[in-house]
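First listed ligand is number 1; within each ligand, the first listed atom is number 1.
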Amino acid sequence: MTDIKIKITDRDGVLHEIDAPTDMNMNLMEVVRSYELAPEGTIGICGGMAMCASCQCYVLSDTELPEMSDDEEAMLSEAFNVKDNSRLGCQLHISEDMEGLEVALAPEEL
Ligand code: FES
């Protein structure tokens, strides 16, 4: 198993090109946290249960991603700042298919 390259634009508009491991059972929200790309307490609030939308991000590349679950869809229908390309980072399990993924973190919900 190898690392994949992902580009993440943080909430200040700064682009980070990072290596994400495919063999550690991580999701995108956890990768953002492990690289400290968003302040503690502003992302992953529900612990990755698709219940808070603090991990919302916009998918900028045309990377093929797994379909949304009903839970993810329901949460995004209630969240703020949702766009057509919104996904919940905690529901995106890092896999080799995501090589080259580019996302931007959605603004923090206040
Ligand atoms: S961490 Fe709460 S919805 Fe993703």
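- Screening M98, H93, Q91 against L65 for a side chain to side chain contact (heavy atoms under 4.5 Å, CB included) leaves a single residue, M98.
- Rounded to 10°, the angle formed at atom 2 (Fe) of ligand 1 by SG of C52 and SG of C46 is 110°.
- Atoms of ligand 1 found under 4.0 Å from any heavy atom of G44, numbered from 1 in the order shown, are 1 (S).
- Note on K5 versus E99: no salt bridge recorded, every NZ/NE/NH1/NH2 to OD/OE distance being 4.0 Å or above.
- Heavy-atom minimum distance, R11 versus S54: NH2-O, 3.1 Å.
- Close contacts of ligand 1 with G48, meaning ligand atoms under 4.0 Å from a residue heavy atom, involve 1 (S).
- Each of the following atoms of ligand 1 lies closer than 4.0 Å to a heavy atom of C90: 1 (S), 3 (S), 4 (Fe).
- Those atoms of ligand 1 that come under 4.0 Å of a heavy atom in A50, given as number and element, are 3 (S).
- Heavy-atom contacts of M51 reach the following atoms of ligand 1: 3 (S) (cutoff under 4.0 Å).
- Remark: the E108 side chain and the T42 side chain contain no N/O donor-acceptor pair separated by less than 3.5 Å.
- None of D84, L28, L101 except one satisfies the side chain to side chain contact (heavy atoms under 4.5 Å, CB included) rule with V59; the exception is L101.
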